[in-house]
Amino acid sequence: MSSESSTGPEMSATTKQMLIRVRQMVPPMLEKFHKGQLGRVAVIGGSEDYTGAPYFSAMASARLGADLSHVICTPNAAQVIKTYSPNLMVHPLMRSSPPALSSSDSGSSPSLTKSAPDTDPSQIAAQIIPMLDRLHVLVIGPGLGRDPLMQETCAKVITAAREKGIPMVLDADALLLVTKDPSLIKGYDNAVLTPNVVEFGRLTKALGVDEEVEKAEETAGETAKVEALAKALGGVMVVQKGAKDYLSDGKVTLTVDLKGGLKRSGGQGDTLTGSIATFLGWRRAYLEDLWDHGHKLNKEELIGLAVFGGSAITRECSRLAFAKKGRSLQASDLTDEVHTAFLNLFGEVDAKL
């Protein structure tokens, strides 16, 4: 298997041309840059039961090249995630619902119950929202879980981030919020959704396009599903993952056909969210003209190019890791391949673009 890892990635001519365009939004490494200019990403998720997902997302973002990677999670999760890597900034600002007290506990000491600030989603969100002005991109959902307090808190943060125009990548249980209340992100073209097959089905049903999607696929081809969902969401970028990744905002649809690995271990989607987040951070640097890039890309296409880049990186990580590990592959193996995947797809990026 190791021989395959030494060969280059397989892709169509169209994908190669797209990667050339994506490369133009990758900042060169210049002495004039200072810390934080090339991406400040925060992953909101991580609970007592799920500590790996936010770590994999944040580390993919960092390994790809974001300057600063944060994780915002519960205190229990923070203690664990901090032991995974000292490179991440971990903030124990999220709270989970307190255990329901039984009738026999009704006379328990007040010290056994949580204080109001720890049970009010508005007050919890109020500790997180001030951070948004220091961030470029949010990833919401990895390791979030379905705890009602966590979900309600995230809904308030999403609303605040949308008001500030911050790009967001929503995955995993953050998609449950969208399923319940599509208006949270409907029409927000700085949002990216990365559902798995099951989550994709729930979203199409919630938006009332499930039957339309089935009919469209029969007549319009394999991209009909993602296009219909993106349109129903008012132009939100949706990633339909599979043998090929289809990305659409309902108007423009892109296909990422790089060959990936064959192992489907949990956590690989977290590499995708973190990678997309870094490219979205670089999008901001491009728009701010932090280097002389010639303005060859249109602002309207940058979200799509960022998502394309994140998808391509993840698929190449999967290919490289599978070539080495085979059926023993785990999510952490993709993390180890992020830099090599970047070099395979884009080479060294300097000021001579």
Side-chain angles (χ1 to χ4, degrees), residues 41-47 49-50 52-54 56-58 60 71-73 94 96 121 125 137-162 166-210 213 225-242 245-250 264 266-277 280 303 306-307 310-311 314 331:
V41 175
V43 178
I44 301 180
S47 52
D49 293 334
Y50 306 109
F56 290 132
S57 180
V71 175
I72 301 172
C73 58
M94 293 290 286
S96 57
V137 186
L138 288 179
V139 177
I140 304 177
L144 180 65
R146 300 186 178 186
D147 177 86
L149 183 57
M150 298 271 282
Q151 290 268 318
E152 290 178 37
T153 302
C154 277
K156 294 184 180 300
V157 175
I158 289 171
T159 299
R162 179 173 182 169
I166 297 175
M168 292 179 277
V169 184
L170 275 65
D171 187 48
D173 284 317
L175 298 174
L176 183 62
L177 284 167
V178 180
T179 300
K180 292 179 178 178
D181 182 10
S183 67
L184 272 175
I185 53 91
K186 191 171 185 178
Y188 185 52
D189 57 11
N190 281 343
V192 179
L193 307 188
T194 59
N196 61 26
V197 173
V198 174
E199 293 159 347
F200 192 96
R202 289 179 186 144
L203 285 166
T204 58
K205 187 174 182 179
L207 272 296
V209 297
D210 48 335
V213 162
K225 285 185 176 181
V226 70
E227 290 166 352
L229 180 55
K231 288 177 183 177
L233 287 168
V236 169
M237 178 67 68
V238 181
V239 181
Q240 183 182 5
K241 298 177 280 190
D245 286 350
Y246 300 119
L247 332 171
S248 182
D249 62 2
R264 300 292 179 262
Q268 296 184 58
D270 301 311
T271 296
L272 175 64
T273 59
S275 298
I276 291 173
L280 288 172
I303 293 285
V307 178
S311 171
T314 304

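FYI, the numbering just counts along the sequence from 1.
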Could you pull out all donor-acceptor pairs under 3.5 Å where a side-chain atom in residues 168-177 meets a protein atom, sequence neighbours excluded?
residue : atom : partner : partner atom : Å
Asp171  : OD1  : Thr194  : OG1          : 2.9
Asp173  : OD1  : Arg146  : NE           : 3.1
Asp173  : OD2  : Gly145  : N            : 3.3

Residues in side-chain hydrogen bond (donor to acceptor under 3.5 Å, both in side chains) with [X], at least two apart?
| X | result |
| --- | --- |
| Tyr188 | none |
| Asp245 | Ser311, Arg315 |
| Thr153 | none |
| Asp49 | none |

If you measure from [atom1] on [X] to [atom2] on [Y], what distance do you get to the nearest 0.5 Å?
| X | Y | atom1 | atom2 | value |
| --- | --- | --- | --- | --- |
| Leu233 | Asp189 | CG | CG | 12.5 Å |
| Ser57 | Ile44 | OG | CD1 | 11.0 Å |
| Ile303 | Leu280 | CD1 | CG | 5.0 Å |
| Gln268 | Thr314 | CD | OG1 | 9.0 Å |
| Glu152 | Leu149 | CD | CG | 6.5 Å |
| Thr271 | Ile276 | OG1 | CD1 | 11.0 Å |

Can you see which heavy atom on [X] is nearest to which on [Y], and at what distance?
| X | Y | result |
| --- | --- | --- |
| Ala125 | Lys156 | CB-CB, 3.9 Å |
| Ala53 | Gly143 | CB-N, 3.5 Å |
| Gly46 | Pro54 | CA-CG, 3.6 Å |
| Val236 | Gly187 | CG2-N, 4.2 Å |
| Gln151 | Leu144 | NE2-CD2, 3.7 Å |
| Ala60 | Asp270 | CB-O, 4.5 Å |

Partner residues of [X] under the side-chain contact (heavy atoms from CB on, under 4.5 Å) criterion, sequence neighbours left out:
| X | value |
| --- | --- |
| Asn196 | Val198, Glu199 |
| Lys186 | none |
| Tyr246 | Glu222, Thr223, Val226, Gln240, Lys244, Thr255 |
| Ala331 | Phe56 |

- request: Test Asn190 against Ile166 for side chain to side chain contact (heavy atoms under 4.5 Å, CB included), laying out the working first.
  value: CA-CA 7 Å; Asn190 281 343; Ile166 297 175; over 6 Å; no
Please list every donor-acceptor pair under 3.5 Å in which a side-chain atom of residues 201-210 meets a protein atom from a residue at least two apart or in another chain.
residue : atom : partner : partner atom : Å
Thr204  : OG1  : Phe200  : O            : 3.4
Thr204  : OG1  : Gly201  : O            : 2.8

